[in-house]
Trainee: 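So that we are looking at the same thing, I have put the structure below in structure tokens.
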Amino acid sequence: MNWRETSREAMHWHTNEQGTKIVCDLCPRHCQTQPGQMGFCKVRGNVDGTFHTFNFGKSVTATQECIETEAVNHYMPGARILSLGNIGCMMACSYCQNWQTSQIKHLNDAHVFEYSPQQVIDLALANDIKVISWTYNDPVVWHEFVLETSKLAKAAGLTTLYKSALYIELEPLRELIEVIDIFSISLKCMDDAIYRKENKGKLQPVLDAIELIAASDRHLEISQLVVTGLNDDGTDAIKTARWMREKLKPEVPLHLVAYHPSFKYKKPRTELATLLKLRELVINEGIQYVYLGNVYADDMSNTHCKSCSNLLVERFGLSVHVPGLDADGKCKKCQTPSVIRHALAGQPERKQVLAHFEAVQTHSFTWNDEIRSVHIFLTNPQKEPVQIKLTRLPQGSVQYLELNEGLERIILSKSSADESELRLEAACQTPLHILPVLDRAHFPVIDETKTSSYA
Ligand code: SF4
């Protein structure tokens, strides 16, 4: 779609004293624009003296993911979420993992779909998804759509999640705190010089914004992408830990997340040994809950009871089990309350064998050292309900998935160290594609607009 053709008046702007330019007050960049000019994010601009948003409702394909995909480990473990991501960004990270949509000059219009706020709610409800996630490239520049849809989501009894680098002014953030339940914040580093050079932002406004959330009752988790050669020597991890200890509640977790080469930054993927070293450093600094992201290693993303060490939540890839918690979030072994909110509300209900399941197409994917997640992708303009039988090999465990109301994409990942292959049987004529992704990234390593079928 040509998303540039429609726009609507934006929130948070004023005209300068001379009356010659509009100043945008949404993010700390405060772009000043004359008629016909766009701001740095390239999705907000001056239309004849009024400031407009051009990306209202414009998103990449909505995707069913798991709450842990968003670096959220202490809220509804294992919950299925509906992820939407807009276009444009108020920052420009040299290693951006979603640069195909965050940096407008690289945008392929075929990746852009339009949703109304009500359509997003209907999509979640039709697929029995309890959490709507604003994610991928940053939701800050999608402010109007996020606010309006989140209000509807709250009215419909849904939970809202905001995954962001949080380069935002405090007034719009206060509006978000009213309607967002979970904030998962990507704190890039603790070095303002790196923020300016590699992220095209500044550190202090991000810290101020995180503190504002911390002062509210909203759920907060912090993640930090550990980028090879940028923030991986331990200095930054220690600064982050000390700042968190001073400013945030002790139960706020820190996710240290492995990066992969992307956009302009081509240094190698983060080594597991590096993450383990940083993990030890921040634990020594007093951070109580530290998780490693994009890592398929035993016990690096599990949650244990602080009192008796009982395994409370077990995670591998995007498979999550809650063996050690009761419905009140207490340790089953010693009854100590945990920090996990809504402990059992997100546990996937296993579908029973469907009575009339008849496979029309079969696909498979073999995991390798590089690829441990895939998108299951369907182009489904007729919105036909789709049933998929998923078998994990060699274990042979079977799970049934259903996609309704035109939901086109689900992310799946390797669920145990010895799992070698996924086998998918679909009871629909709509062609199904398995698209490999790096580190649960939003874009597969194969261009989905060409929909080449894998296997
Ligand atoms: S939101 Fe966009 S237009 Fe507004 S100040 Fe930030 S980058 Fe500039």
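In listed order, ligands and their atoms are each counted from 1. Because the structure is a prediction, the values reported are computed rather than measured.
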Trainee: Check the angle between the aromatic planes of His433 and Phe377 and answer parallel, tilted or perpendicular using the 30° and 60° thresholds.
Mentor: tilted

Trainee: Does Lys154 pair with Asp181 as a salt bridge, N-O distance under 4.0 Å?
Mentor: yes

Trainee: Looking only at heavy atoms, which two atoms of Ser413 and Ser373 are closest? And how far apart?
Mentor: CB-OG, 3.4 Å

Trainee: Can you tell whether the side chains of Glu144 and Arg8 come within less than 4.0 Å, N to carboxylate O?
Mentor: no

Trainee: Hey, which protein N/O/S atoms does atom 4 (Fe) of ligand 1 have under 2.8 Å?
Mentor: Cys24 SG

Trainee: What's the shortest heavy-atom distance between Phe316 and Tyr296, and which atoms?
Mentor: CE2-CD2, 3.5 Å

Trainee: How many angstroms lie between CG in Leu432 and CD1 in Ile376, if you round to the nearest 0.5 Å?
Mentor: 6.0 Å

